[in-house]
Asker: 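Pasting in a structure now, in structure tokens, and then I'll have a few things to ask.
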Amino acid sequence: MRYQQTPISRLSKAAKFLVSDGAWHPFVGEEGMWYRVKGKTVQRVRMENGEAEDLLRLFERFEPLPSRALKEGFREELRFVVHDDHYLLAGMLVRAYVGWDMLATAAEQQGVHLEYLGGNSLRCDILINEWTDGEIIRALVLAKAFSKVAAQLAIDAREGVPHVLNEISGLLNSAFEMYMEEISLVPRATSATAPRSAEQGSLFGES
């Protein structure tokens with residue numbers, strides 16, 4: 001499942017074609033893709049190959065995410081997968097460096113799994129303990145913290161600056177706590193489930 005949210009103001013003239021009733025609506029000509037307007041934000045969900053449409057129910061009570069929890073702002077696309085009865089925030093890429101296995105060991109303690117893809121690329125998957133706003137935001141903030149620490153460690157490796165396991169764990173914890181303090185985790189009201197109406201035209205990608 002790929003999720004994306006965009007301020008409605010960025011859609012310009014296309015915004016007038018949106019159905020703003022808080023329900024999910026499919027796109028014409030975009031199989032497996034839905035959108036919903038929540039306040040001033042347009043949410044989009046796209047199912048990947050092999051994923052059932054029933055998974056859309058996970059997003060019925062999924063409110064727009066705080067912008068400061070996102071790594072690259074509102075246009076960032078997030079990938080969620082179901083794996084071995086767990087949810088994962090999947091597919092984030094970071095640069096591999098000499099000694100990255102120590103980072104992998106430290107990150108695993110926080111539910112972050114690293115996989116070497118070859119060359120200079122590592123893929124990062126983060127465990128989501130349960131499908132709630134708080135847990136999803138925690139995973140996003142952890143991804144942001146991990147990305148920052150991994151980038152700094154790659155620089156340090158090139159410059160010959162050594163690190164030990166406990167130090168790396170401390171860096172991850174500190175970065176995570178810092179980013180958590182930057183966002184306001186106020187409980188958010190959930191919306192009632194509404195039936196989807198007729199298909200609507202594709203709006204994303206328009207300037």
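One-based numbering along the sequence shown.
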Asker: Minimum heavy-atom separation for P64 and K38, please, with both atom names.
Answerer: CG-CB, 3.8 Å
Asker: Can Y97 and I155 be said to form a side chain to side chain contact (heavy atoms under 4.5 Å, CB included), step by step?
Answerer: CA-CA 9 Å; Y97 62 92; I155 293 173; over 6 Å; no
Asker: I need the minimum non-hydrogen distance between V37 and V19, along with the two atoms involved.
Answerer: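 Shortest heavy-atom contact: CG2-O, 3.7 Å.
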Asker: Taking all non-hydrogen atoms of both residues, which atom of V112 and which atom of C124 are closest, and how far apart?
Answerer: CG1-SG, 3.4 Å
Asker: Any sub-3.5 Å donor-acceptor pair from D125's side-chain atoms to G91's backbone N or O?
Answerer: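 Looks like yes, one N/O pair under 3.5 Å.
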Asker: Quick one: are the ring centres of W34 and F59 less than 6.0 Å apart?
Answerer: no
Asker: Tell me whether E135 contacts the main-chain N or O of T132 through its side chain, where contact means a donor paired with an acceptor under 3.5 Å.
Answerer: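 Between the backbone of T132 and the side chain of E135 there is no qualifying donor-acceptor contact (under 3.5 Å).
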Asker: Is any NZ, NE, NH1 or NH2 atom of the basic residue among E60 and R57 found under 4.0 Å from an Asp or Glu carboxylate oxygen of the other?
Answerer: no
Asker: Scan side-chain atoms only and decide if Q152 and D156 contain a donor-acceptor pair under the 3.5 Å cut-off.
Answerer: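 Indeed, the side chains of Q152 and D156 share at least one donor-acceptor pair under 3.5 Å.
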Asker: Kindly give the heavy-atom pair with the smallest separation between L89 and A139, and that separation in Å.
Answerer: CD2-O, 3.7 Å
Asker: So, for Y116 and A96, which heavy atoms are closest and what is the spacing to 0.1 Å?
Answerer: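 Looking at all heavy atoms of both residues, the closest pair is CE1-CB, 4.1 Å.
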Asker: Is the CZ atom of R95 crowded by more than 12 outside heavy atoms at less than 6.0 Å?
Answerer: no
Asker: Below 4.0 angstrom, N of the basic side chain to O of the carboxylate: do E30 and R46 qualify?
Answerer: no
